[in-house]
There are 2 protein chains.
Amino acid sequence: MSQLRWLDDEEQRTWRTFLMAVHLLDAALDRQLRHDSGMPHAYYQILVMLSEAPGRELTMTRLARLLRSSPSRLSHAAARLEAEGMIRRFKRPGDRRTTLVEITDQGMKTLREAAAGHVREVRRLVFDVLTREQVEQLHGISESMLGALDPQGEEPRYVDPEGTGNQS
Amino acid sequence: MSQLRWLDDEEQRTWRTFLMAVHLLDAALDRQLRHDSGMPHAYYQILVMLSEAPGRELTMTRLARLLRSSPSRLSHAAARLEAEGMIRRFKRPGDRRTTLVEITDQGMKTLREAAAGHVREVRRLVFDVLTREQVEQLHGISESMLGALDPQGEEPRYVDPEGTGNQS
DNA sequence: CCGGCACGGTTGAGCGCCCAACTATTGCGG
DNA sequence: CCGCAATAGTTGGGCGCTCAACCGTGCCGG
């Protein structure tokens with residue numbers, strides 16, 4: 001019987017505007033990447049994670065956790081990326097359970113080529129239209145939401161930086 | 001050969017955090033609505049728009065524009081919603097081109113029932129964790145992004161309020 | 001040492017969305 | 001008043017995601 005509070009006017013306006021912006025942003029990024037690099041945004045993110053991982057490799061489970069992806073989703077995605085030669089899956093001898101994924105040179109090349117256009121789009125749609133202050137605000141807001149969205153957020157959201165990449 | 005600027009550290013952190021939050025939020029809302037009301041978030045939004053429209057009806061094209069949806073997407077969605085009795089499509093005599101969509105009583109009922117749980121979730125994941133100031137900031141940020149995302153934003157984002165509803 | 005449970009990962013069905021192609025209707029310029 | 005472009009809407013194929021079911025492996029307690 002928890003008390004239900006509706007959204008007040010300001011919340012309502014904010015919510016609809018936010019939803020619309022996010023919807024359009026997502027569509028725009030996906031469209032640009034698919035069009036220019038033949039890859040959905042989610043796949044791009046997989047390559048980014050792998051490119052930053054030590055040794056350019058991770059286990060399937062660890063990669064899934066980093067991306068907050070279901071094992072299933074990653075498995076499907078990996079099948080496609082592997083068929084395209086972007087990544088390679090293999091077992092380490094002595095462990096017949098774990099599967100390791102590694103981004104190939106071809107994958108790195110594709111990623112680098114895709115990154116330019118992608119970053120340009122992100123800049124155009126987001127950072128070019130926000131003030132420095134708004135960027136900081138957005139950061140804070142996103143972190144707050146993550147607190148509720150990702151309660152077991154013990155899991156890191158990206159691997160400890162040591163690579164030189166910067167693709168999103 | 002436009003100059004390509006990468007994201008600096010603060011932008012990068014903001015971007016990843018934001019992307020993650022949005023990804024998880026979207027998934028959470030969709031899951032909640034599907035689970036509790038058997039309806040994806042996008043379909044819920046269709047019902048909301050219709051419920052607020054004068055006479056509870058709109059043309060397909062106008063509805064698609066309000067939602068920034070492709071005609072195709074809406075058409076598919078309408079087929080399903082109609083089959084479930086949530087909406088009704090019909091032609092107005094004298095115009096054989098335009099199709100009108102109307103939300104049925106059953107649709108209104110379903111929407112009202114879905115709204116409670118949905119709003120609770122939105123509150124839990126967003127407004128409960130943001131300060132009043134952050135809500136205002138988020139509004140401003142979203143509007144700024146929409147400027148870039150929705151350039152021909154002549155099109156309104158929701159029908160002129162006159163209904164009494166408040167479902168998201 | 002062995003039974004069962006947790007872990008790592010994959011598979012397939014169902015579904016929503018995108019894109020491209022298509023039909024039908026309407027309106028407008030000449 | 002005719003031809004053609006613009007408008008309104010639908011359809012189908014391809015694909016990515018979700019969910020549930022599933023298999024093999026490793027490990028831990030009794």
Side-chain angles (χ1 to χ4, degrees), chain A residues 22-24 26-47 57-84 86-101 155, chain B residues 22-24 26-47 57-84 86-101 155:
Chain A
V22 157
H23 165 62
L24 291 176
D26 217 58
L29 295 179
D30 219 62
R31 186 141 28 79
Q32 185 272 324
L33 273 173
R34 279 177 195 274
H35 182 271
D36 295 354
S37 311
M39 199 184 338
H41 190 199
Y43 288 22
Y44 177 86
Q45 295 181 57
I46 292 175
L47 295 189
E57 67 178 42
L58 291 168
T59 69
M60 289 293 280
T61 294
R62 176 136 174 68
L63 180 52
R65 284 209 238 274
L66 283 170
L67 294 165
R68 271 61 174 174
S69 160
S70 69
S72 166
R73 169 151 73 115
L74 179 59
S75 196
H76 284 296
R80 181 152 148 55
L81 286 173
E82 186 166 40
E84 290 172 340
M86 302 290 121
I87 65 171
R88 199 172 69 85
R89 277 183 290 190
F90 60 99
K91 301 265 185 199
R92 202 187 298 289
D95 181 354
R96 297 201 293 167
R97 199 160 46 156
T98 306
T99 300
L100 290 168
V101 211
E155 207 67 38
Chain B
V22 158
H23 165 62
L24 291 175
D26 216 57
L29 295 179
D30 218 63
R31 187 141 27 79
Q32 185 273 323
L33 272 173
R34 278 176 194 275
H35 183 269
D36 294 356
S37 311
M39 200 184 339
H41 190 201
Y43 288 22
Y44 177 85
Q45 295 182 58
I46 292 175
L47 295 188
E57 67 178 41
L58 292 167
T59 69
M60 288 292 282
T61 294
R62 177 138 174 65
L63 180 52
R65 284 208 237 274
L66 284 169
L67 295 165
R68 269 62 173 175
S69 160
S70 70
S72 165
R73 170 152 71 117
L74 179 58
S75 196
H76 285 296
R80 180 152 147 57
L81 286 172
E82 187 167 39
E84 290 171 341
M86 302 290 120
I87 65 172
R88 197 171 70 84
R89 276 183 291 188
F90 60 99
K91 301 265 183 198
R92 200 188 295 293
D95 181 353
R96 298 200 293 169
R97 197 159 48 157
T98 306
T99 300
L100 291 167
V101 211
E155 208 66 37

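Every value quoted in this text rests on a predicted model; they were computed, and no experiment measured them.
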Taking all non-hydrogen atoms of both residues into account, name the closest pair between L74(B) and M60(B) and its distance. CD2-O, 3.1 Å
So do L63(B) and L67(B) actually touch side chain to side chain, heavy atoms under 4.5 Å? yes
Closest heavy-atom contact between H23(B) and R68(A)? NE2-O, 3.4 Å
Nearest whole angstrom, please: distance from the P of dC18(C) to the CG of L33(A). 15 Å
Rounding to an integer number of Å, can you tell me how far K91(A) NZ sits from dG8(C) P? 11 Å
Closest approach of T59(A) and V101(A), non-hydrogen atoms and distance? C-CG2, 4.2 Å
Whole-Å gap separating P (dT26(C)) and CZ (R92(B)): 14 Å
R89(B) vs dT10(D): side-chain N/O to OP1/OP2 distance below 4.0 Å: yes
Starting from C1' on dG8(C), measure out to CG on L58(A) and report it in whole angstrom. 15 Å
Please collect all side chain to side chain donor-acceptor pair (under 3.5 Å) contacts where either partner lies in residues 74-83 of chain B, sequence neighbours excluded, each pair once. R80(B)-E84(B), E82(B)-R89(B)
Residue pair K91(B) / T98(B): nearest heavy atoms and the distance that separates them: CD-O, 3.4 Å
Which pair of heavy atoms, one from H41(B) and one from D30(B), lies closest together, and at what distance? N-OD1, 2.9 Å
Between L74(B) (CG) and dC18(C) (C1'), how many Å, whole number? 14 Å
Side-chain N,O (R65(A)) to OP1/OP2 (dC7(C)) below 4.0 Å: no
What are the two closest heavy atoms between I46(B) and A77(B), and how far apart are they? CD1-CB, 3.7 Å
From L33(A) atom CG to Q45(A) atom CD, the distance as rounded to the nearest 0.5 Å: 9.0 Å
Which parts of nucleotides 14-23 of chain D does protein reach within less than 4.0 Å, heavy atoms only, written one letter per nucleotide 5' to 3' as B for base, S for sugar-phosphate only and - for none? --SSBBB---
Short N/O separations, protein against nucleotides 22-25 of chain C, under 3.5 angstrom:
residue, atom, partner, partner atom, Å
dT25(C), O2, R97(B), NH1, 3.1

Could you state the CZ-C1' distance from F90(B) to dT10(D), rounded to the nearest angstrom? 18 Å
From CD of E82(B) over to P of dT11(D), roughly how many Å is that when rounded to an integer? 11 Å
D26(B) CG to dC17(C) P, in whole Å, measures 11 Å
